[in-house]
Amino acid sequence: MTATRKETLANVRRILVKVGSAVLTGEDGLDLTVIEQLVGDIATLKERGYQVVLVSSGAIASGKHRLGIEGKLKSIPQKQAAAAVGQGRLMRVYSNAFGKHGLFVGQVLLTMSDITDRKRFLNIRNTLFTLLEWGVITVINENDTVAVDEIKFGDNDHLAAMMANICEAHLVINLTSTDGLYDRNPSEGKKAKLIPLVTECTEEIETCATEEGTSVGTGGMKSKVLAAKKVTAFGIPYVIAPGRRLGVLQEIMDGKETGTLFLPMAEHLNSRKYWIAFTLRSRGRIVIDAGAKTAIVEEGKSLLPSGVTAVEGEFELGDPVTCVDGEGNQLAKGLVNYSSEEVRKIMGLKTGKIEQVLGRKDYDEVIHRDNLAVMVKAPAKEKPAN
Ligand code: GLU
């Protein structure tokens, strides 16, 4: 057991396990052997005192198989219809399998629009916490039958990353059809090495992952790494591990060097800022100057009108907007205190001028620091010479 793994996992109590279609399904639809194995592994975790929430794919793949459809499903309605058939089947299989261990399952199906609304976000949270309190295994999936592009999570890696925030998980384990993250695509035939530990999700790490998904899954390794980036930004460790391996969850919790462990970021976002940064869809962009960049990224300050140099898009008071630097690099996301029209009028001005220009001054800041989620790391300070 490595010291880093041991330390990172020492205080974990609540684990969010995400399992992909490529793990759960085989040529004959849902792979009952793998599912029984996974369920047994989760039941053992529960006996060991861990709480587990499960994000499971497999609805579309299972429905397609049940209906005897060969080849790829072509249209969105076809996928949605297959999910309608497969989701019920998936839950019956889970219910039977967990039932053998004396555990109940609860189903939660969501779309992105369910969690972009703060009130609904909090309601879902209350439900999940009650299910946890009752010892029920919650099985979460995208509500595929109603989700269309604008309200879609896109893939279950993203859904699981959002759920980690909602249920305040201490660890996310993403069970996949590979052994973890490799330094290059293993299917290309060249010698690829498994990366056991990622201390930071750098661009270099992102380029190790390819976009292509499996024939049944949606995300591919790229979406798993992007999800890891979000989850670790929230201060939660993330493991990508082989889902078909017997006892894989015990191995991870025993601190064995299984899969790839992504360490949490030391300075991380709180729940509300995580929601702002990763759940809300940005309505526009505010370009800021170097002084404002230092103020918000390095000093944790609010964004004032004087630091704004341009406004792109149309937005209203309270809307989420992205702050970028002069080169277009994304720095932060926040909820604005003024509309795009108003920010255009007051940009570059001192706070004292707001009233003169707009005829009123409701706020000093364009975005208050409490509503501003900084998404880049502050540059490391140079150590003074001894
Ligand atoms: N929600 C989809 C399903 O259950 C899977 C999405 C994904 O694989 O990421 O079939």
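FYI, side chains are in, hydrogens and waters are out, and symmetry mates aren't considered; it's all heavy atoms of this structure. Positions are given from 1, in the same order as the sequence printed here.
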Can you confirm whether [X] sits close enough to [Y] that some side-chain heavy atom of one is under 4.5 Å from a side-chain heavy atom of the other?
| X | Y | result |
| --- | --- | --- |
| L175 | V248 | yes |
| L304 | V366 | no |
| L317 | V336 | no |
| K293 | L331 | yes |
| S75 | Q78 | yes |
| P237 | L263 | no |
| L32 | V93 | yes |
| L90 | L30 | yes |

Gap separating the [atom1] atom of [X] from the [atom2] atom of [Y], nearest 0.5 angstrom:
| X | Y | atom1 | atom2 | result |
| --- | --- | --- | --- | --- |
| R272 | N165 | CZ | CG | 12.0 Å |
| I288 | D325 | CD1 | CG | 7.5 Å |
| S302 | N371 | OG | CG | 9.0 Å |
| I252 | L171 | CD1 | CG | 7.5 Å |
| I137 | H101 | CD1 | NE2 | 10.0 Å |

Is it the case that atom [atom1] in [X] sees more than 12 heavy atoms from other parts of the structure closer than 6.0 Å?
| X | atom1 | value |
| --- | --- | --- |
| E299 | CD | yes |
| K46 | NZ | yes |
| R66 | CZ | no |
| R360 | CZ | yes |

Show the nearest heavy-atom pair for residues [X] and [Y], with the distance to one decimal.
| X | Y | value |
| --- | --- | --- |
| S340 | V311 | CB-CG1, 4.0 Å |
| Q87 | A59 | OE1-CB, 3.4 Å |
| L372 | A332 | CD1-CB, 3.9 Å |
| E142 | L109 | O-CD2, 4.1 Å |
| P320 | R281 | CG-O, 3.3 Å |
| S223 | D155 | CB-OD2, 3.6 Å |

Can we say [X] and [Y] salt-bridge, meaning some charged N sits less than 4.0 Å from an Asp/Glu carboxylate O?
| X | Y | value |
| --- | --- | --- |
| D254 | R48 | yes |
| R244 | D31 | yes |
| K64 | E70 | no |
| K79 | D144 | no |
| R245 | E251 | yes |
| R285 | E312 | yes |
| E203 | K229 | no |
| E314 | R344 | yes |

Determine whether a donor-acceptor pair (N or O, by modelled atom type, separation under 3.5 Å) exists between the side chain of [X] and the backbone of [Y].
| X | Y | value |
| --- | --- | --- |
| K333 | A277 | yes |
| D183 | K193 | yes |
| R14 | L132 | no |
| W275 | I115 | yes |
| N156 | L159 | no |
| T279 | I276 | no |
| T322 | S282 | no |
| S306 | K350 | no |
| N126 | N123 | no |
| S339 | E316 | no |

Should [X] and [Y] be regarded as members of a common hydrophobic cluster, given that ILVMFWY residues are connected when their side-chain heavy atoms come within less than 4.5 Å of each other, either directly or indirectly?
| X | Y | answer |
| --- | --- | --- |
| M347 | L303 | yes |
| L16 | F129 | no |
| V23 | V105 | yes |
| L261 | Y182 | no |
| V321 | Y363 | yes |

Practice prompt. For the pair T351 and K361, evaluate side chain to side chain contact (heavy atoms under 4.5 Å, CB included) and give the outcome as yes or no after the intermediate values.
Written response: CA-CA 9 Å; T351 312; K361 186 181 79 166; 4.2 Å; yes
Worksheet item: Checking R118 against F121: charged group under 6.0 Å from the ring centre and within 45 degrees of the axis?
Response: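 Geometry flag: set, cation within 6.0 Å and 45°.
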Discussion item. For residues 223-264, which residue pairs pass the ring pair (Phe, Tyr, Trp, His ring centres under 6.0 Å) check, not counting sequence neighbours?
Written reply: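 Sorted result for residues 223-264: F234-Y274, Y238-F262.
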Fill in: ring pair (Phe, Tyr, Trp, His ring centres under 6.0 Å): pairs with one or both residues in residues 310-334, sequence neighbours excluded
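Listed once each, the pairs would be none.
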Worksheet entry | Test side-chain contact (heavy atoms from CB on, under 4.5 Å) applied to T127 - qualifying residues, sequence neighbours left out |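 Counting only residues at least two positions away or on another chain, T127 forms a side-chain contact (heavy atoms from CB on, under 4.5 Å) with L131.
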Discussion item. Regarding D114 and T111, do their side chains bring together a donor and an acceptor under 3.5 Å, going by distance alone?
Written reply: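 Present: a donor and an acceptor within the cut-off.
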Worksheet item: Does a donor on one side chain sit under 3.5 Å from an acceptor on the other, for T145 and N143?
Response: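 Short answer, yes.
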Discussion item. The test is side chain to side chain donor-acceptor pair (under 3.5 Å); show your working for N141 and S56 and say whether it passes.
Written reply: CA-CA 6 Å; N141 197 358; S56 176; over 6 Å; no
Worksheet entry | Derivation of the side chain to side chain contact (heavy atoms under 4.5 Å, CB included) call for I354 and Y338 | CA-CA 11 Å; I354 297 178; Y338 292 98; 3.8 Å; yes
